[in-house]
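Below is one structure, written out as structure tokens; comments come after it.
Along the sequence shown, residues carry numbers from 1. In each ligand, atom 1 is the first atom listed, and ligand 1 is the first ligand listed.
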Amino acid sequence: MTFRQRYTGLIERYRDRLPVHDDTRLISLGEGNTPLIKLHNIPDSLGKNVDIYVKYEGLNPTGSFKDRGMTMAVTKAVEKGSKAIICASTGNTSASAAAYAARAGITAFVLIPDGKIAQGKLAQAMMEGAVVIQIKGNFDDGMRLVKEVADEAPVTIVNSINPYRLQGQKTAAYEIIEELGRAPDFHCLPVGNAGNITAHWIGYSEYAGKLSDYFYNDTLEEYDKSSVTEKVPTMLGYQASGSAPFLRGEMVDNPETIATAIRIGHPQSWDYAWKVHEESGGWFDECTDKEILATQKLLAEKEGVFCEPASATSLAGAMRDIQSGKIPENSCIVCTLTGHGLKDPDTAIKQSTAPVVKVEAELGQVKSAILENM
Ligand code: AN7
């Protein structure tokens, strides 16, 4: 028998298409290579003939898609001699930055909105040794402060305004094409800062040999430009209603949503996202908190896939557009599930209606608990 080569992360896997050199020290935790799961029960219940796949990015090393971008951003920061990184975060970026900084032996400073990040994410950043700075403000305030402080202190910003972040994140599109043997017809994503939808578009466009000048920058100089596929998907971005600047057509000053990961009113990749919208012929839409939570629960109950609330926004929007026919039958649809359900146990337990039966540690009572709930 032959052994498969050990998987050592997405930079190694796609080094021909990423801005690294042969002697670059790679800061990796084995990120990428996440499952693309075909849904069965949910499409059946919609009564429509569609293929829906979820790309389960919650299975990255720190439990979110951010690791794809962070491996690149921290690798490049270390290559350039940086001793500290900084980010503003609704939670996942801080968890990822903390982990990759620990791995690299440098310091991570993370600015988070006081009381508005999920417990799992806070636990990660703290355990991984980041300096956690809780601000009395929201993500957008944090982002403004990070930009200001980076002008005055020797820290590298690792939010998605760092172009290496998008470079790492584009690899999710490569994986999807390689697994399906084609690009999907529609790719659905939750949108906060709109970095991820931009990164996916860059990845799909590159693999089709169609990357437009608009997205071209000097991080993209030296890689393999051969095309792998013809087609690019239509890109669909879904936001939480209370934090939906792309639907309002302008920035939102006091964003609110239960999906704290996407509680963002001033998206950093605003122009890029509109260009993705235009080039791919896609659309933005919004989902209410109620729809988001119902979809998170449906996915867990019907398919056994547990994602965090923000992540369910992609599927919530897709299901609505499938039902209305906006996404036609016979389409191949990929929804990105950006983060793991365990990130936010509090929201999950609050909305769970599964029976928890308390009994004595005794056979008779356990047996009746089973028979009564069959
Ligand atoms: C689970 O961690 O912005 O549209 O600071 O954690 O690329 O911003 C998180 C964003 C979707 C939105 N799903 O992605 C942060 C942060 C989850 C997220 C998004 C985020 P972008």
Side-chain angles (χ1 to χ4, degrees), residues 54-60 62-70 73 86-99 108 110-113 116-118 120-122 124-125 130 132 135 138-143 146 157-162 165-166 168-170 172 187-203 235-240 243-246 255 257-270 272-274 276-277 284 287 292 296 306-317 335-344 347:
V54 291
K55 180 75 167 158
Y56 197 11
E57 291 285 276
L59 290 198
N60 274 296
T62 77
S64 86
F65 72 97
K66 303 286 181 181
D67 296 341
R68 289 185 187 272
M70 207 55 73
I86 190 166
C87 64
S89 180
T90 56
N92 281 323
T93 303
S94 66
S96 187
V110 305
L111 272 71
I112 56 169
K116 289 288 184 179
I117 88 167
K121 302 173 189 180
L122 183 59
Q124 288 178 289
V132 177
I135 58 164
N138 61 26
F139 170 86
D140 304 307
D141 298 317
M143 195 63 240
V146 161
I157 299 177
V158 295
N159 282 102
S160 55
I161 55 171
N162 177 327
R165 280 277 310 276
L166 302 191
Q169 285 169 219
K170 73 184 181 183
H187 190 122
C188 310
L189 287 134
V191 170
N193 277 304
N196 211 24
I197 196 167
T198 303
H200 278 76
W201 182 243
I202 292 172
M235 303 297 292
L236 309 184
Y238 298 103
Q239 299 212 278
S243 307
F246 287 102
T257 168
I258 186 95
T260 51
I262 50 172
R263 189 171 165 271
I264 295 168
H266 290 239
Q268 298 298 310
S269 294
W270 177 260
Y272 273 156
W274 283 113
V276 171
H277 176 270
F284 295 114
C287 302
I292 291 170
Q296 181 198 18
F306 188 24
C307 69
E308 67 172 285
S311 308
T313 312
S314 57
L315 181 64
C335 298
T336 298
L337 301 179
T338 43
H340 202 289
L342 291 172
K343 291 276 192 174
D344 190 354
T347 306

Exercise for the section: Using a strict 4.0 Å cut-off to heavy atoms of Thr338, name the atoms of ligand 1 that fall inside it. Expected result: 1 (C), 11 (C), 13 (N), 17 (C)
Practice task
Run the numbers on Thr93 and Met70 for side-chain contact (heavy atoms from CB on, under 4.5 Å), then give the verdict.
Solution key: CA-CA 8 Å; Thr93 303; Met70 207 55 73; 3.7 Å; yes
Practice task
Check ligand 1 against Lys66 and write out every atom of the ligand that is under 4.0 Å from a heavy-atom position of the residue.
Solution key: 2 (O), 3 (O), 6 (O), 9 (C), 10 (C), 15 (C), 16 (C), 20 (C)
Problem - Ligand-residue contact atoms, ligand 1 with Thr93, heavy atoms, under 4.0 Å - result: 2 (O), 5 (O), 15 (C), 16 (C)
Problem - Proximal ligand 1 atoms for Ile262, defined as those under 4.0 Å from one of its heavy atoms - result: 11 (C), 12 (C), 19 (C)
Problem - Pair Lys55-His187, side-chain contact (heavy atoms from CB on, under 4.5 Å): steps then yes or no - result: CA-CA 10 Å; Lys55 180 75 167 158; His187 190 122; 5.7 Å; no
Problem - Polar proximity ligand 1 side, Asn92 side, N/O cut 3.5 Å exclusive - result: yes
Completion exercise
Gly195 heavy atoms within 4.0 Å reach ligand 1 at atoms 4 (O), 7 (O), 21 (P)
Practice task
Using distance alone, decide if ligand 1 has a nitrogen or oxygen within less than 3.5 Å of any nitrogen or oxygen in Val191.
Solution key: no
Fill in the blank from the handout: A student checking ligand 1 against Glu308 at a 4.0 Å heavy-atom cut-off should list atoms 1 (C)
Practice task
Taking all non-hydrogen atoms of both residues into account, name the closest pair between Val146 and Cys87 and its distance.
Solution key: CG2-C, 3.7 Å
Problem - Parallel, tilted or perpendicular: rings of Phe284 and Phe246 (30°, 60°) - result: parallel
Exercise for the section: Would you mind listing which atoms of ligand 1 come within a distance below 4.0 Å of any non-hydrogen atom of Ile264? Expected result: 3 (O)
Exercise for the section: Report the relative orientation of the aromatic rings in Phe306 and His340; use parallel for angles under 30°, tilted for 30 to 60°, perpendicular for over 60°. Expected result: perpendicular
Exercise for the section: Go through the steps for Cys335 and Leu315 under the test side-chain contact (heavy atoms from CB on, under 4.5 Å), then give the verdict. Expected result: CA-CA 6 Å; Cys335 298; Leu315 181 64; 4.0 Å; yes
Handout entry: Side-chain heavy atoms of Met143 within contact of Ile161, under 4.5 Å
Key = yes
Practice task
Please report which non-hydrogen protein atom sits nearest to atom 14 (O) of ligand 1, along with the residue it belongs to and the distance in Å to one decimal place.
Solution key: Phe65 CZ, 3.5 Å
Practice task
Would you kindly say whether Glu308 and Asn92 are connected by a side-chain donor-acceptor distance under 3.5 Å?
Solution key: yes
Practice task
Determine, using heavy atoms of Leu189 and all atoms of ligand 1, whether some pair is separated by less than 4.0 Å.
Solution key: no
Handout entry: Heavy-atom proximity to atom 18 (C) of ligand 1, best of Pro267, Ala261, Ser311
Key = Ala261
Practice task
Would you please determine whether Gly91 falls within less than 4.0 Å of ligand 1 on a heavy-atom basis?
Solution key: yes
Handout entry: Selection from Asn193, Thr90, Ile117 by shortest heavy-atom distance to atom 8 (O) of ligand 1
Key = Asn193
Handout entry: Identity of the nearest option to atom 21 (P) of ligand 1, non-hydrogen atoms only, from Gly63, Ser89, Ala194
Key = Ala194
Practice task
Rounded to the nearest 0.5 Å, what's the gap from CG on Leu111 to OG on Ser89? Could you check?
Solution key: 10.0 Å
Exercise for the section: Please confirm whether Asn196 comes within less than 3.5 Å of ligand 1 when only nitrogen or oxygen atoms on both sides are compared. Expected result: yes
Practice task
Begin with the C-alpha distance, continue with both residues' side-chain angles, and end with the deciding distance and a verdict on side-chain contact (heavy atoms from CB on, under 4.5 Å) for Asp140 and Ile264.
Solution key: CA-CA 6 Å; Asp140 304 307; Ile264 295 168; 3.7 Å; yes
